[in-house]
Undergrad: 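A single structure is presented below for examination.
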Amino acid sequence: MNYCTALEILGSDAPTLHSDIIRKVTKVINNLLEELNPNQRKAVETVEGPLLIVAGPGSGKTRVITHRIAHLINTCGIPPHKIAAVTFTNKAAREIKERLGAILGYSASALTSGTFHSFCAMILRRDGISMGLDRNFAIYDDSEQVDMIKRIMAEIEVDPKKYSPKAIQAKISNAKSQLLDPEGFRLNKTSEYFDEIVLRVYERYEQSMSRSSALDFDDLLMKTYQLLKQFPQIQDIYMNRYLYFMIDEFQDTNIAQYEIAKQLSDVSRNICVVGDPDQSIYSWRNADIRNILSFKQDYPEAVTVALEENYRSSKTIVEAAKNVISANSERVEKELWTNNKTGSPIIAFEGHTEIEEAQFVTKEIANLTHGFTLSEGFRCKPGDIAVMYRVNAQSEALEKELIYSGIGYQIIGGVEFYRRQEIKDLTAYMRLIVNPHDDISLNRVINKPTRGVGKQTMAIVTKSAQDEGTSLYTAIQSLTSDNNIPESLASKLSSRAIKAITNFESLINELRSETQVQNLVEFIELVKEKTGYSKYIRSFTERREEREENIQAYLNRAADFIDLNLTDAITSFLEHISLVNQVDGYDQESELVTLITLHQAKGLEFPVVFMVGMNEGLLPHIRSIDSGDPSEMEEERRLCYVGMTRAEEKLYLLRAFKRRTYGGSYTFSPPSPFLSNIPADLMITPKPESSKTLNYSSVKKKLNHPNGSNIRESKKHLTDSHDIFNDGDKVMHTVFGEGRVISVKPSGIDLELTVAFEEGHGIKRLLSSIAPVKKIR
DNA sequence: AGAAGCTCATACTCG
DNA sequence: ATGAGCTTCT
């Protein structure tokens with residue numbers, strides 16, 4: 001391998017800066033020089049027959065996967081197109097291809113790599129027609145699934161207040177993940193009445209989805225399974241196509257995914273699964289950890305290789321993470337060790353509120369990137385730092401502080417781009433053009449902008465579609481055709497309404513037969529104009545710029561598909577919209593601090609990791625606590641483990657003494673119980689400085705006036721002559737012992753203190769003049 | 001038909 | 001705090 005080859009491999013995204021080139025090339029060459037340890041080598045060289053690789057965090061899993069594929073191609077002479085590697089994210093798939101290219105010296109584009117969902121979508125677009133699927137099927141995400149369920153509940157008169165549509169969606173999704181169609185669900189359901197309701201909805205749901213030529217995420221899997229099962233000749237094609245099948249993140253696959261993998265490797269039995277039970281964090285998405293046990297049963301001859309040496313993290317971090325995960329009881333004991341140096345201690349800090357927590361993060365980031373830090377000598381770039389949290393809402397306080405301090409960040413997820421209103425609207429138009437029977441999309445845009453198609457009209461159209469068992473589009477067609485019989489539902493429509501829906505029908509048909517424009521971007525522009533959506537957006541006063549920016553960003557993304565012919569471009573673009581996930585947007589080369597949820601952080605690594613919200617109620621999340629299900633608590637612990645093991649050199653575990661729940665009041669927030677599993681000698685706790693609390697309104701001021709003065713307000717709760725009590729003060733009560741002040745508010749001439757006491761005394765309200773309470777330290 | 005205003009439940013992790 | 005979904009007003 002020389003520089004020239006390396007540059008070729010870097011291909012289209014080749015950096016322009018010389019130093020960047022040197023850095024990238026050095027990286028590529030280093031990959032080649034990487035040595036495999038004996039177990040890694042065994043995993044790479046075991047190519048025939050079933051193989052289970054149990055890979056701890058940072059144990060070189062991706063390296064093993066790519067080297068194994070390279071070994072198959074280079075040493076065993078297997079053509080790349082005979083190999084499939086299924087990963088958890090599209091990003092991971094891309095990474096495998098890139099790294100493989102670096103090893104091989106040429107791009108192995110013939111290799112099939114992607115997520116299960118994209119892999120299945122491909123199979124269904126190609127061969128689903130055998131089972132009656134429309135080639136142009138729409139893919140519904142969970143919110144569209146819920147929309148559909150609500151429609152059905154209205155139709156069969158089930159009260160959505162009594163039975164939550166979301167809960168029904170979850171049940172249906174769960175059934176599908178286990179390959180249970182409505183009949184299968186009927187045989188497996190409990191005797192609870194709720195299950196009876198779910199069954200009724202499920203049956204009708206399937207009909208409506210089919211009328212809309214739509215598949216949900218679970219359908220992509222279940223229909224693929226059914227297709228391969230019902231049509232052995234199709235299974236044959238794929239079975240012989242993929243002689244080597246690899247699954248990454250196996251601990252987070254569901255039953256349907258595993259069954260498909262088995263179908264595809266039925267002949268060769270060359271199935272290699274890679275996973276770590278300790279990093280299983282998606283059971284709520286129906287991932288089934290039992291797949292690992294099933295694998296051993298289904299393939300008794302399977303070779304198991306354990307990768308236990310961690311190359312990623314310091315001894316301190318590995319030790320701490322091990323102690324946290326060891327407290328799980330539903331767990332197979334597993335080794336994890338590292339030869340890395342001890343490194344710096346974990347830094348634990350409790351902020352007074354989440355704002356102070358965020359301030360600590362911000363200040364520490366500034367220190368780290370400028371060379372002055374709590375642990376001496378450590379320096380890094382903003383791009384080396386990630387801040388991780390349990391729920392997206394936690395990013396708010398962080399963002400405000402980061403903006404305030406002028407630190408650039410990239411946020412992964414949040415309100416996902418493709419889930420924004422205007423983006424969904426435009427996408428609905430695009431989908432409707434490809435597949436006019438898509439009821440959910442039609443419903444979404446038929447009156448956006450307003451076209452005189454109101455609730456009344458849609459109720460009649462819907463009724464007609466239900467009566468005839470057709471899509472809304474078909475119903476509109478028949479209601480607007482000349483030869484409808486007088487006593488039909490059409491007679492209930494005013495001539496104005498008939499005209500309105502006729503116009504919409506022609507609009508869609510016109511766009512469907514559009515042949516003037518040649519590329520996707522021009523086409524979307526055309527759709528925007530012809531549907532009146534452009535004008536509609538301009539008519540907004542609220543968030544107008546943001547909406548327009550979003551649409552511009554949409555067009556920019558569409559530009560990636562500009563080289564394809566229009567039909568292919570639309571299909572690929574829509575597929576992309578449905579199947580990309582949030583982590584796919586993560587830019588590894590970015591020089592910005594990364595804000596990310598713990599779930600999304602799986603598979604990533606950073607020199608410096610801040611985990612914020614190490615509080616009971618957040619991690620573990622209150623829902624898992626409330627569920628009373630011990631296995632949910634264990635999953636929260638695994639989530640904590642995943643977060644900790646992302647860190648290479650420095651790990652911060654931060655919490656807040658009290659947190660704002662939502663919008664309103666603050667609640668006392670105990671430390672996460674997981675913290676107590678970390679040996680004290682691995683952690684240091686910096687003393688909080690005399691803190692000035694930056695409140696939100698001052699940040700807002702700052703944001704609105706970027707050149708305005710640096711207003712930092714300190715929040716004082718006390719103005720009169722009593723003893724000074726502030727939020728966060730430690731106090732001693734003669735009966736309840738030590739506690740901490742949560743809030744202080746005036747009560748007449750007195751002060752009412754809300755104090756959280758230790759040792760089970762809980763939260764008490766006290767009057768400062770009466771209660772035997774004294775400030776300590 | 002459609003906008004404005006109201007109440008009410010809802011508030012995690014996501015391909 | 002926010003939005004879905006309902007009611008009322010124009």
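Naming: A, B, ... by sequence-line order, numbering from 1 per chain. Owing to the predicted nature of the structure, the values given are computational and were not obtained by experimental measurement.
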Undergrad: Are any of A/Asn447's side-chain N or O atoms less than 4.0 Å away from OP1 or OP2 of B/dG2?
TA: yes
Undergrad: Figure out the CG/P separation between A/Leu221 and B/dG15, and round it to whole Å.
TA: 13 Å
Undergrad: Under 4.0 Å, counting only non-hydrogen atoms across every strand here, what does A/Ser624 touch: a base, just sugar-phosphate, or nothing?
TA: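 The answer is nothing, as A/Ser624 stays clear of every strand by at least 4.0 Å.
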Undergrad: Checking all strands, does A/Arg638 fall into the base, sugar-phosphate, or nothing category for heavy-atom contacts under 4.0 angstrom?
TA: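 Result for A/Arg638 = nothing.
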Undergrad: Nearest to the side chain of A/Asp218, heavy atoms from C-beta on, is which of B/dC12, B/dG15, B/dC14?
TA: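 When the side chain of A/Asp218 is considered, B/dG15 is the closest of B/dC12, B/dG15, B/dC14.
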Undergrad: CD1 of A/Ile625 versus P of B/dT13: gap in Å, rounded?
TA: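 To the nearest whole Å, that distance equals 16 Å.
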Undergrad: Under 4.5 Å between any side-chain heavy atoms of A/Leu228 and A/Thr224, yes or no?
TA: yes
Undergrad: Residues two or more places apart in sequence or in another chain: which of them pass side chain to side chain donor-acceptor pair (under 3.5 Å) with A/Arg646?
TA: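 Side chain to side chain donor-acceptor pair (under 3.5 Å) check on A/Arg646 returns A/Gln279.
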Undergrad: Step through the shown structure and confirm whether more than 12 heavy atoms of other residues, nucleotides or ligands are within 6.0 Å of CD on A/Gln456.
TA: no
Undergrad: Tell me what A/Arg390 touches on the nucleic acid: a base, only sugar-phosphate, or nothing, going by heavy atoms under 4.0 Å.
TA: base
Undergrad: Would you mind telling me which of B/dA1, B/dC12, B/dG15 lies closest to the side-chain atoms of A/Thr457?
TA: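 Of the options given, the side chain of A/Thr457 lies nearest B/dA1.
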Undergrad: Quick check on contacts: within residues 570-578 of chain A, what sits under 4.0 Å from DNA chain B by heavy-atom distance?
TA: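 Nothing qualifies; none.
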Undergrad: Scan residues 274-291 of chain A against DNA chain B and write down, sorted by residue number, each residue with any heavy atom closer than 4.0 Å; if none is found, say none.
TA: A/Tyr282, A/Trp284, A/Arg285
Undergrad: Could A/Arg151 and A/Glu155 be called an ion pair, given the rule that one side-chain N must be under 4.0 Å from one carboxylate O?
TA: no
Undergrad: Got a sec, which residues hit side chain to side chain contact (heavy atoms under 4.5 Å, CB included) with A/Leu618, two or more places apart in sequence or on another chain?
TA: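 For A/Leu618, the residues satisfying side chain to side chain contact (heavy atoms under 4.5 Å, CB included) (neighbours in sequence not counted) are A/Val391, A/Gln394, A/Arg659.
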Undergrad: Please list all pairs passing the salt bridge (Lys or Arg N to Asp or Glu O under 4.0 Å) test where one or both residues lie in residues 612-630 of chain A, with sequence neighbours left out.
TA: none
Undergrad: Is the closest basic N to carboxylate O distance between A/Glu144 and A/Arg444 below 4.0 Å?
TA: no
Undergrad: OP1 or OP2 of B/dC12 sitting under 4.0 Å from any side-chain N/O of A/Asn392?
TA: no
Undergrad: Can you give one letter per nucleotide of nucleotides 3-10 of chain C, 5' to 3': B if a protein heavy atom sits under 4.0 Å from the base, S if only from the sugar-phosphate, - if neither?
TA: -SS-B---
Undergrad: Under the side chain to side chain donor-acceptor pair (under 3.5 Å) rule, collect the residues that match up with A/Tyr554, sequence neighbours excluded.
TA: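 A/Thr427.
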Undergrad: If the condition is side chain to side chain contact (heavy atoms under 4.5 Å, CB included), which residues does A/Ser118 pass it with, not counting sequence neighbours?
TA: A/Asn90, A/Thr115, A/Leu579
Undergrad: When we call it a touch if two heavy atoms are under 4.0 Å apart, what does A/Asp141 touch: a base, just sugar-phosphate, or nothing?
TA: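 Nothing, no nucleic acid heavy atom in range.
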Undergrad: Show me the pairs that pass salt bridge (Lys or Arg N to Asp or Glu O under 4.0 Å) and involve residues 273-282 of chain A, at least two apart or across chains.
TA: A/Asp276-A/Lys334, A/Asp278-A/Arg331, A/Asp278-A/Lys334
Undergrad: List for me each residue that meets side chain to side chain donor-acceptor pair (under 3.5 Å) alongside A/Asn286, sequence neighbours excluded, and say none if there are none.
TA: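 In terms of side chain to side chain donor-acceptor pair (under 3.5 Å), with neighbours along the sequence ignored, A/Asn286 is linked to A/Ser173, A/Asn174, A/Ser177.
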Undergrad: Please report the distance, rounded to the nearest Å, between CD1 in A/Ile596 and C1' in B/dC14.
TA: 13 Å
Undergrad: Could you state the CZ-C1' distance from A/Arg637 to B/dT13, rounded to the nearest angstrom?
TA: 18 Å
Undergrad: Would you mind telling me which of A/Asn254, A/Leu220, A/Asp218 makes a side-chain contact (heavy atoms from CB on, under 4.5 Å) with A/Lys176?
TA: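 With A/Lys176 as partner, side-chain contact (heavy atoms from CB on, under 4.5 Å) holds for just one option, A/Asp218.
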Undergrad: Closest nucleotide of DNA chain B for A/Pro160 versus for A/Leu639: which of these residues is on the 5' side?
TA: A/Pro160
Undergrad: Quick one: is A/Thr450 getting a side-chain N or O under 4.0 Å of the B/dA1 phosphate, OP1 or OP2?
TA: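 Answer no for this pair, as no side-chain N or O of A/Thr450 is under 4.0 Å from OP1 or OP2.
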Undergrad: Can you check the A/Lys166 NZ to B/dT10 C1' distance for me, whole Å?
TA: 9 Å
Undergrad: Nearest-nucleotide wise, let me know which of A/Glu632 and A/Ser118 is further upstream toward the 5' end of DNA chain B.
TA: A/Glu632
Undergrad: Compare all side-chain heavy atoms of A/Lys424 with those of A/Asp141 and state whether any distance is below 4.5 angstrom.
TA: yes
Undergrad: What is the separation between atom NZ on A/Lys448 and atom P on B/dA1, rounded to the nearest whole Å?
TA: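 To the nearest whole Å, that distance equals 18 Å.
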Undergrad: The criterion is side chain to side chain contact (heavy atoms under 4.5 Å, CB included); which residues satisfy it with A/Lys61, sequence neighbours excluded?
TA: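 Side chain to side chain contact (heavy atoms under 4.5 Å, CB included) list for A/Lys61, sorted by chain: A/Ala55, A/Ile65, A/Asp248, A/Glu249, A/Val274.
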Undergrad: Rounded to whole Å, please give me the gap between CG in A/Asp142 and C1' in B/dT13.
TA: 12 Å
Undergrad: What is the distance, rounded to the nearest whole Å, between atom CG of A/Asp626 and atom C1' of B/dA11?
TA: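 In whole Å, B/dA11 C1' and A/Asp626 CG are 13 Å from each other.
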Undergrad: Using only side-chain N and O atoms of A/Gln600, determine if any of them is under 4.0 Å from OP1 or OP2 of B/dC14.
TA: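 A/Gln600 to B/dC14 OP1/OP2: side-chain N or O found under 4.0 Å.
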Undergrad: Hey, can you pull the residues of residues 612-623 of chain A with a non-hydrogen atom under 4.0 angstrom from DNA chain B?
TA: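 A/His621, A/Arg623, in order of number.
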Undergrad: Using a strict 4.0 Å threshold on nitrogen-to-oxygen distance, state whether A/Arg290 and A/Asp288 make a salt bridge.
TA: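 A salt bridge is present here (some side-chain N lies under 4.0 Å from a carboxylate O).
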